[in-house]
Amino acid sequence: MSALASYFKRIGDSAKSIVVGMGITWRYMVRPKEIITIEYGSKTRAPKERYIPDRHRGVHYLETEKCIHCHICEKACPVDCIEMDGSREPFAGAWQGDGSYISKFILDLNKCIFCNLCCEPCPKECIHMGQEFDVSGFSRANGVKNLLTDGPWSDADRAREGEARELIVAVEAEAKAKKAAAKGKKETPPAAGS
Ligand code: SF4
Ligand code: SF4
């Protein structure tokens, strides 16, 4: 085929593809019920209908009351995006787990690779990958999720973090002292003649 023929053939092909494409557009314009595209809601910014498989790996959620604060999920994460703090001793303002008191349980979604490796080894099956997937925000800080509140890790949460750590140190020191005192009492030999 000569260069001129090839040139005109390309113009013809382009014109044909425009006619075919616009034909589909016009067909759906006059018969909107045939449209199979899922509509995305404009007000809520959430799809009106959506199908998400049960095993979808979306944003995590935690069943706090079952958590034993064992750190296994944190250690299993290959990119270190889970951070937690808490104690076995009760302290003011803590979230109650299963025999544990938790002040911090955050997950950095900016780093997460949604691999599920944190959920699989959890002995209490209490950390899960959910259905939520359309997370967006104006800053990277919004991408850090507080699993205790199900919201972003806020400035207020950050401000309370240091305070909670101080309480944990204090209650653990007190518990340690009590244990040592109890042990001391047990080991003290009975007085002579008693
Ligand atoms: S899904 Fe993977 S990367 Fe994300 S928090 Fe869990 S272990 Fe870490
Ligand atoms: S592995 Fe499970 S029980 Fe242990 S800290 Fe993580 S969520 Fe809690």
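Each residue takes its place number in the sequence, starting with 1. Whatever order the structure lists them in is the order used to number ligands and atoms, beginning at 1. What you are looking at is a predicted structure, and each value in this text was computed from that prediction instead of being measured.
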Answer yes or no: is there a side-chain heavy-atom contact under 4.5 Å between C73 and C122?
no
Under 2.8 Å from atom 8 (Fe) of ligand 2, the protein N, O or S atoms found are C67 SG
Should D108 and K145 count as an ion pair when the cut-off is N to O under 4.0 Å?
no
Below 2.8 Å, any N, O or S contact between C77 and atom 8 (Fe) of ligand 1?
yes
Run the salt-bridge test on D85 and R165 with the 4.0 Å N-O cut-off and return the result as yes or no.
yes
Please tell me if the side chains of I113 and P78 come closer than 4.5 Å, counting only heavy atoms from C-beta onward.
yes
Between D157 and R160, is the closest basic N to carboxylate O distance under 4.0 Å?
yes
What protein heavy atom sits nearest atom 5 (S) of ligand 1, and how far away is it?
C81 SG, 3.3 Å
Strictly below 4.0 Å, N to O, side chains only: are D13 and R10 in salt-bridge contact?
no
In plain terms, say whether E161 and R158 are close enough for a salt bridge, that is, a side-chain N and a carboxylate O under 4.0 Å apart.
no
Which of these, C119, C112, C115, has its nearest heavy atom closest to atom 2 (Fe) of ligand 1?
C115
Within a distance under 4.0 Å of any heavy atom of F114, pick out the atoms of ligand 1 and give their elements.
1 (S), 4 (Fe)
How far is atom 6 (Fe) of ligand 1 from its nearest protein heavy atom, and which residue and atom name does that atom have?
C118 SG, 2.4 Å
Determine whether I68 and P123 make a side-chain contact, defined as any pair of heavy atoms from C-beta on separated by less than 4.5 Å.
yes
May I ask whether H60 places a heavy atom under 4.0 Å from ligand 1?
yes
Any idea which part of V79 is under 4.0 Å from ligand 1, heavy-atom wise: side chain, backbone, both or neither?
side chain
Pairwise side-chain contact, S87 with S100, heavy-atom cut-off 4.5 Å (strictly under):
no
Where ligand 1 meets N116 - atom numbers and elements under 4.0 angstrom, heavy-atom basis
1 (S), 2 (Fe)
Could you tell me if the side chain of K124 sits less than 4.5 Å from the side chain of E63, heavy atoms only?
no
Contact atoms of ligand 1, heavy-atom distance to P78 under 4.0 Å:
7 (S)
Looking only at protein heavy atoms, what sits closest to atom 3 (S) of ligand 1 is I113 N, 3.4 Å
Can you list the other members of the hydrophobic cluster that holds F114, where links are side-chain heavy atoms under 4.5 angstrom apart?
V59, L62, I82, M84, W95, I102, F105, L107, L109, I127, M129, V135, L147, L148
